[in-house]
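The structure under discussion appears below in the form of structure tokens.
Hydrogens, waters and symmetry mates play no part in the numbers below; they use all other heavy atoms, side chains included. One-based numbering, in listed order, for ligands and for the atoms of each.
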Amino acid sequence: MSNSTKYIFVTGGVTSSLGKGIISASLAKLLQARGYSVTIQKLDPYINIDPGTLNPYEHGECYVTNDGAETDLDLGHYERFLNVPTSQANNVTTGRIYQSVIEKERRGEFLGKTVQVIPHITDEIKERIQILGKSGQFDIVITEIGGTVGDIESLPYVEAVRQMMWEFDNDCLVIHLTLIPYLSAAGELKTKPTQHSVKQLLELGVQPDILCCRTEHPLDLNLRKKIAKFCNVSVNAVIESRDASSIYDVPLLMQEEELDKVVLEKLNLSSKATPNLDDWKSFLETLKNPKHEVNIGLVGKYVELKDSYKSISEAFIHAGVANECRVNLKWIHSEKITKDNVNEELSNLDGILVAPGFGSRGISGKIESVRFARENKVPFLGICLGMQCAVIEFARNVLGLKDAHTTEIAEDSKHPVISMMEEQKSISNMGGTMRLGAYKCELKPNSFTANAYHTEKIKERHRHRYEFNNEYLDQFENAGMIATGKNPESGLVEVVEIPSHPWFVGAQYHPEYKSTVAKPHPLFVAFVKASLENKK
Ligand code: GLN
């Protein structure tokens, strides 16, 4: 542990979607592989308090941490790369910054002063940036600033960075991620947008130390020299970031470009150890040379935007590697599945996953998909709403409770097999009223789930309002759907299974959030394995 924490800021220019999250996670991985303890945080310039109330079409998946924070999906990348849990402190939005400043103002903490963007909002941002650093757990904190430099809403963040660069001098560094577009008509890579973007940062008082240049073609030395000259950085600080076939290639590409070395030099940190990335490399080796292949259907209503199910698709990559198997995910729109076409749409699948979700859109397609998986003995994993659909399907088609439903959709259902916990009924505010974060769960010995985890005591992350209605539990169990996982304190049903099926599991929690490269999630590993066996 060094005396003081080092802060690395990652900004973006020219365009959004350059992959700041992956670059940040890759750099963190390289520094971690050298023996440093590193964490990454994301500052999001939007006014929502958190992404919990955002439609996935807006911002992709909402990622949930152990401490129950609803966060940006980049935190998922951070955990998947580093295998270290994140928390609420790792994601801050403008909404949260303002909320906190306004609450302080109401409490009179500003002693009659006029409350302003500078210094009050910027001080709050600086304080948030340093929470993780001051915890004493980390040598290095990487702070990714969402949005693109020049956006009105990111100005206070860039200003906070400028102030920290001034105050902490040798302990701070700025990496600016830009785009070097290729103009095919000219047959050339163009550096002007990068020059402009750096100028924009300079106008705000921030000189970047390192430029990470996204490009489709190699950057030759001349081009690097040109960029270096125009942007006041050293040539070795012009880092090429080529498009990669997998996000998991990026740490190795960044290592080839010596990004980690340049960072350590600039921060005056010694190179603690030669980075050990053996496990990472063997993961990639298997990822690229799989022995087997399976087709798994992901039935959901946000399939047009694949970021909506980011953690699930990544968990399949990890679980695929654990099975030496390529998982071909077939994205199936739940709204398009009907009783009439389900056989046709879901044939040729080796496994079926019914995705989490909210609201009624697409739910009947999800329920039909469960029926198909159950009746045709296709391995099935239902997550959250997917588990609830499995319960509803079983109630309707096996127990004969024709109008069984969840009270989320049919408030006056005669058979509310999924309903709201009593203590939640009084809460009407949409934000932050869910059962969120990690809860304990105890598994029945010899269940699919206990066999997958190799243990009976687990902790998994939740994000939902509705629950299995325990008044129906006996009926379900007598007919063959068993509650194999329960919360030891509340008795809430967390997992249902059908033991007479080859592999049928519904989880009220979200296993996908905990899957990492180093630790593929056991439930996904077991599901892929069952799908592989089903194929044979
Ligand atoms: N809408 C369901 C609930 O609130 C399921 C939520 C989810 O799938 N994340 O209980």
Subject >> Cation-pi check, Arg435 onto Tyr439 ring (under 6.0 Å, within 45° of axis) >> reply: yes
**OP:** Let me know which protein residues bring a heavy atom to under 4.0 Å of ligand 1; chain then number is fine for ordering.
**Re:** Pro356, Gly357, Phe358, Cys384, Leu385, Gln388, Glu408, Arg463, His464, Arg465, Tyr466, His510
**OP:** Can you run down the ring-ring contact (aromatic ring centres under 6.0 Å, His included) pairs that involve residues 327-352, sequence neighbours left out, and say none if there aren't any?
**Re:** none
Original post:
So His464 and His462, would you call those rings parallel, tilted or perpendicular, with 30° and 60° as cut-offs?
Top reply: tilted
**OP:** State plainly whether the residues Arg106 and Glu103 are in salt-bridge range, i.e. N to O under 4.0 Å.
**Re:** no
Original post:
Can you tell me if CD on Glu411 sees more than 12 non-hydrogen neighbours from other groups inside 6.0 Å?
Top reply: no
Subject >> Geometric class of the Phe316/Phe527 ring pair [parallel <30°, tilted 30-60°, perpendicular >60°] >> reply: tilted
